[in-house]
**Student:** 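Quick one: the structure is below, questions incoming.
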Amino acid sequence: VVSWNSLITCYEQNGPASEALNVFKKMMGSGLEHDEMTLASVVSACASLCAISEGREIHAQVIKFDCYRDDIIICNALVDMYAKCRRINEARWIFDRMTVRNVVSETSMVSGYARVARVQSAKQLFSEMMDRNIVSWNALIAGYTQNGDNEEALGLFLQLKRKSAWPTHYTFANLLNACANLADLKLGRQAHTHILKHGFRFQHGPESDVFVGNSLIDMYMKCGSVVDARQTFGNMVQRD
RNA sequence: UGCACGU
């Protein structure tokens with residue numbers, strides 16, 4: 001079971017996620033029992049594929065084996081799946097009925113609300129959260145930029161800094177995205193300087209620099225500065 | 001061996 005689970009998780013995280021579902025079907029065909037780790041990964045695969053009907057089948061299994069009903073990770077995965085498939089009301093239904101919730105459940109709901117343009121609901125949920133980590137902040141900031149509230153997104157970033165939550169490359173990509181949408185070159189340059197000051201704090205491997213670099217290029221292009229974009233491109237250690 | 005955020 002551990003080998004199957006590892007394989008499913010690997011496909012779910014590195015793609016193609018559809019292969020995670022295929023492996024799961026094979027696993028079931030081989031007469032093995034799934035455990036809570038299998039289901040959490042498979043539900044997460046359904047979420048990235050928006051495979052709502054497959055997801056519902058797994059949901060039915062979870063209800064059938066009711067030992068999984070109180071597994072917070074499985075419930076979180078289900079909430080996230082419905083939220084990603086824009087079934088925010090179904091996500092909320094599970095969320096409301098969970099015996100224990102944590103920052104992951106709440107963050108899934110925040111980004112789910114943002115996805116269907118219910119920014120107010122996202123904001124309210126965020127403000128009621130018991131604890132917020134950097135991922136929750138990132139989710140709400142992304143929600144604002146996705147819905148065109150770029151000033152709000154920038155404001156949140158400033159708040160985040162005051163709260164001394166440490167930004168990640170997701171945070172910076174969102175920040176640059178807001179600058180790009182505003183097409184404000186001066187602001188974008190400020191953001192760039194700010195990011196360079198934090199540069200040495202990246203702890204997520206060399207990958208993160210590619211993400212931030214791409215966002216910088218995108219931002220400069222949208223702000224109309226090909227020169228800055230080219231220079232950033234030239235300075236990047238890695239490109240994709 | 002399992003869940004949440006950006007281009």
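Throughout, a chain's letter reflects where its sequence line sits, starting with A, and its residues are numbered from 1.
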**Student:** Measure the CE-CZ distance between A:M129 and A:R101 for me, rounded to the nearest 0.5 Å.
**Tutor:** 12.0 Å
**Student:** Taking only the side-chain heavy atoms of A:A142 (C-beta and beyond), determine which of B:rG2, B:rC3, B:rG6 contains the nearest atom.
**Tutor:** B:rG6
**Student:** Determine the contact category for A:A139: base if any of its heavy atoms lies under 4.0 Å from a base atom, sugar-phosphate if only primed atoms, P, OP1 or OP2 are that close, otherwise nothing.
**Tutor:** sugar-phosphate
**Student:** Out of B:rC3, B:rA4, B:rG6, which nucleotide sits closest to the side chain of A:N76?
**Tutor:** B:rC3
**Student:** At less than 3.5 Å, do the side-chain atoms of A:N133 and the base atoms of B:rA4 form a donor-acceptor pair?
**Tutor:** yes
**Student:** Just to be sure I understand the rule, does A:L39 reach a base, reach only the sugar-phosphate, or reach nothing, if contact means heavy atoms closer than 4.0 Å?
**Tutor:** nothing
**Student:** In whole angstroms, how far is the P atom of B:rU7 from the CG atom of A:L216?
**Tutor:** 15 Å
**Student:** Quick one: A:Y170 OH to B:rU7 P, roughly how many Å, whole number?
**Tutor:** 10 Å
**Student:** Indicate, with a heavy-atom threshold strictly under 4.0 Å, whether A:A77 touches base, sugar-phosphate, or nothing.
**Tutor:** sugar-phosphate
**Student:** Measuring to OP1 and OP2 of B:rC3, would you say a side-chain N or O of A:S105 lies under 4.0 angstrom away?
**Tutor:** no
**Student:** Check the distance between B:rG6's C1' and A:H169's NE2 and give it to me in whole angstrom.
**Tutor:** 8 Å
**Student:** What's the closest nucleotide to the side chain of A:N138 if the choices are B:rU7, B:rC5, B:rC3?
**Tutor:** B:rC5
**Student:** State which of B:rC5, B:rG2, B:rC3 makes the closest approach to the side chain of A:S111.
**Tutor:** B:rC5
**Student:** How is A:Q146 classified with respect to the nucleic acid when contacts are heavy atoms under 4.0 Å: base, sugar-phosphate, or nothing?
**Tutor:** sugar-phosphate
**Student:** Provide, to the nearest angstrom, the distance between the NE2 atom belonging to A:H59 and the P atom belonging to B:rC3.
**Tutor:** 19 Å
**Student:** Nearest whole Å is fine: how far is B:rG6 C1' from A:K84 NZ?
**Tutor:** 12 Å
**Student:** Side chains of A:S44 and A:E12: is there a donor and an acceptor less than 3.5 Å apart?
**Tutor:** yes
**Student:** With the side chain of A:V135 defined as its heavy atoms from C-beta on, choose the nearest nucleotide among B:rU7, B:rA4, B:rU1.
**Tutor:** B:rA4
**Student:** Is it true that A:K123 and A:E128 have a side-chain N and a carboxylate O under 4.0 angstrom from each other?
**Tutor:** no
**Student:** Between atom CD1 in A:I72 and atom P in B:rC3, what is the gap in whole Å?
**Tutor:** 14 Å
**Student:** A:T232 and A:N235: side-chain donor and acceptor closer than 3.5 Å?
**Tutor:** no
**Student:** Side chain of A:N5 only, heavy atoms from C-beta on: which candidate in B:rG2, B:rC3, B:rU1 is closest?
**Tutor:** B:rU1
**Student:** Tell me if the centroids of the rings in A:H59 and A:Y68 come within less than 6.0 Å of each other.
**Tutor:** no
**Student:** Would you kindly give the CZ-to-C1' distance between A:R239 and B:rU7, to the nearest whole Å?
**Tutor:** 17 Å
**Student:** Report yes if a side-chain nitrogen or oxygen of A:K222 is closer than 4.0 Å to either non-bridging phosphate oxygen (OP1 or OP2) of B:rU7; otherwise report no.
**Tutor:** no
**Student:** Assess whether one donor atom and one acceptor atom, taken from the side chain of A:D71 and the base of B:rG2, lie less than 3.5 Å apart.
**Tutor:** yes
**Student:** Please state how far atom CZ in A:F95 lies from atom C1' in B:rA4, giving the value in whole angstrom units.
**Tutor:** 12 Å
**Student:** Within a strict 4.5 Å, meaning less than it, do heavy atoms of the A:L160 and A:I141 side chains meet?
**Tutor:** yes
